[in-house]
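Here is the naming used below: chain letters follow the sequence lines, and residue numbers restart at 1 for every chain.
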Number of protein chains: 2
Amino acid sequence: MKPNIHDVAKIAGVSSTTVSRVLNNRGYISEKTKEKVYKAMEEINYFPNDLARSLFNKRTNLIGLIIPNSSNPFYGELTFHIESICASLGYKLLLCNSLNRIDKEEKYLEMLIRNQVDGVVVVTYNRGILNYEKQNLSVVAIDHYLSKNIPVVGSDNYSGGKKATELLIMKGCQYIVHINGPIELQTPANLRRKAYEDVMKEQGRLPITYEVSPLQSHKEVISKLFDEHPEVDGIFASDDLIAASVIAESKKRGKEIPTQLKVVGYDGTEAVQVLLPELTTIQQPIDLIAKSAIDILLKQIEGEFNNFPLETYLPVKLLEGGTT
Amino acid sequence: MKPNIHDVAKIAGVSSTTVSRVLNNRGYISEKTKEKVYKAMEEINYFPNDLARSLFNKRTNLIGLIIPNSSNPFYGELTFHIESICASLGYKLLLCNSLNRIDKEEKYLEMLIRNQVDGVVVVTYNRGILNYEKQNLSVVAIDHYLSKNIPVVGSDNYSGGKKATELLIMKGCQYIVHINGPIELQTPANLRRKAYEDVMKEQGRLPITYEVSPLQSHKEVISKLFDEHPEVDGIFASDDLIAASVIAESKKRGKEIPTQLKVVGYDGTEAVQVLLPELTTIQQPIDLIAKSAIDILLKQIEGEFNNFPLETYLPVKLLEGGTT
DNA sequence: CTGAAAGCGCTTACAG
DNA sequence: CTGAAAGCGCTTACAG
């Protein structure tokens, strides 16, 4: 059996109240008593039960993170930063991979509520489905609007989309096509598309956007793009994995990069920098996104409403590689 | 305030004992009472507090996962599979990124114990440092020996190393060099090296292994390798990220792949398959590794010792790409 | 400076 | 079929 606070008390020859006070460093305790208690804890290898503490305190220091899939380098990296920041602040992370499935998100959310998490960080495409507010749970969303009252943190998508499109134009591309997720998903990533379209129109060009589903293979859509627009010589993909698929398809068709086709991605994760360093991409400040999200979440948890912005967009950086 | 079981009881006009029985579907309860209780729970949006349940049951259904860094595609993917399997079995995952630092691992382990996790999955290079057994906690290790009594799950490293080396030989490479982590880390991955050395010796060739640190950049070591062995025409890297760095260095030096240099990696994650599809690599069955690890951990948790193997090595697959 | 008692939100013998 | 009581391992007023 695991030792409890009474076992410690008995060995130290004090009451469990005193042990608790030593544990929490609260109230006045004589140095001598403190030492006895510490020695007793050491002796029987005692660790306080956080379940019991949390039950009393109504505070678990537990944060839930719902992401689509940690296999994806962007989410894997985001998860790393969020967890690291949490750990440094004494919070623990309950990880949930929703695969973007509403049923899973609902189950996970209920699980998090039952486990009394202090707050939740959500990355989901399923907007408005979950009644996050009903439970008056502290929530922060990354890169996705959930409702009017839930703060969103992400990269400066408009600026990123603009940088990508302008680079392709500057490099002399004549037929620039954009690939993005479905426009129905009202995510801030739509701003990448908006920026692309704005810049194209400004230049008197016709914006053409192909839509890929976040759940399905991008191959057919990309193949279709090449079939329908053989003249394409510039592609701005809304994430690096799509960009990699574009490069693969281009190779398959004997279209040389960057001479015949230039490609720009989005995300710029560490994995991409190692595995596909030649890719030109718009790098998201994943560490800052994580930091801001947690900052905002903790403010909510501490009850400081109105002391944080509802939308936070952090600066992106153009990483120029050999694909442009 | 969140409603509790007494609030439900009051509304349903029964005792909290009865509500608990409905919740747990235990004992005999009339259909009518059940319905009243369910209606009451619905009405006030009641969710049971798992902290209180766990405190009583001495079972949290919480699993801790300690990995070096979820930014790494291999660990990100492993994390995804482990979490998914846990979720499907009613377990929840507490994620810990140790960065391979002993101090962090110790802190995380203590945190997990305080949170009363039912078991821990560990991926660490710090062998023998942590006294996992002392706490008589259920533990399973992935790809790393922790102690005699802690079961290890991983890929069939020897077979993988053999396949990689034999492929390079078959493809006609004359000077094959291997890159691996430090041999002091007594991980099963040393078997990749052992297999390489065995095959080389069998062929009357001289095995040459360069060691990279898991924490530092691989660039200098790879650069040194090319400097010291300009004749190298085959490299077996012990993971895909190292392989990617080899490819980059090779390009920098104008050494053409696969004509002048052939490269084989190890891991074969989804991320690599999308971002660097031309890489020939030994693919680990990450899903099976996750499944086996959880199987074994749950057996320990259920007290079925001796009903699981201490070492499990799962079959690898050669993925041939353009780098050989 | 220290302790006895009550309570956090549950569950399970025990009794009826 | 249902309820009162005790207890899981803590913490915090309250009293001394």
Peer 1: Measure across B:Pro151 and B:Gln300 and return the closest heavy-atom pair with its distance rounded to 0.1 Å.
Peer 2: CG-NE2, 3.4 Å

Peer 1: Pick base, sugar-phosphate or nothing for B:Ser20, based on heavy-atom distances below 4.0 Å to the nucleic acid.
Peer 2: base

Peer 1: Quick one: which of D:dT11, D:dA13, D:dA4 gets closest to the side chain of A:Asn57?
Peer 2: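 Closest nucleotide among those given: D:dT11.
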
Peer 1: Taking the nucleotide of DNA chain D with the closest heavy atom to each, which residue, A:Phe56 or A:Leu51, is nearer the 5' end?
Peer 2: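 Taking each residue's closest nucleotide, the earlier one in sequence belongs to A:Leu51.
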
Peer 1: For B:Asn69 and B:Ser71, which I'm curious about, is there any donor-acceptor pair between the side chains at under 3.5 Å?
Peer 2: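 Present: a donor and an acceptor within the cut-off.
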
Peer 1: If you look at every strand shown and take non-hydrogen atoms under 4.0 Å, does B:Asn24 touch a base, only sugar-phosphate, or nothing?
Peer 2: sugar-phosphate

Peer 1: Quick one: which of D:dC8, C:dT12, C:dC10 gets closest to the side chain of B:Thr17?
Peer 2: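 When the side chain of B:Thr17 is considered, C:dT12 is the closest of D:dC8, C:dT12, C:dC10.
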
Peer 1: Spell out yes or no: do the side chain of A:Ser15 and the base of C:dA4 have one donor N/O and one acceptor N/O closer than 3.5 Å?
Peer 2: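 When only heavy-atom distances are counted, A:Ser15 does not reach the base of C:dA4 through any donor-acceptor pair under 3.5 Å.
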
Peer 1: Using a 4.0 Å heavy-atom cut-off, does A:Ser30 contact any base of the nucleic acid, only the sugar-phosphate backbone, or nothing at all?
Peer 2: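 Sugar-phosphate contact only - A:Ser30 comes under 4.0 Å of backbone atoms but never of a base.
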
Peer 1: With sugar-phosphate meaning primed atoms plus P, OP1 and OP2, does B:Ile29 contact a base, only sugar-phosphate, or nothing at under 4.0 Å between heavy atoms?
Peer 2: sugar-phosphate

Peer 1: In whole angstrom, give the distance that lies between atom CG of A:Leu23 and atom C1' of D:dC10.
Peer 2: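 The answer, rounded to whole Å, is 9 Å.
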
Peer 1: Wobble G-U and Watson-Crick pairs count when both distances are under 3.5 Å; given that, what is the 5' to 3' dot-bracket string of DNA chain D, with | for pairing to other strands?
Peer 2: |||.||||||||.|||

Peer 1: Which of the following nucleotides, C:dC10, D:dC10, D:dG3, is nearest to the side chain of B:Val14?
Peer 2: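 Closest nucleotide among those given: D:dG3.
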
Peer 1: So if I take every side-chain heavy atom of B:Lys58 and compare against D:dC8, D:dC1, C:dG9, which nucleotide ends up nearest?
Peer 2: D:dC8

Peer 1: Which nucleotide sits closest to the side chain of B:Arg21: D:dG3, C:dT11, C:dC1?
Peer 2: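 In terms of side-chain proximity for B:Arg21, the closest of D:dG3, C:dT11, C:dC1 is D:dG3.
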
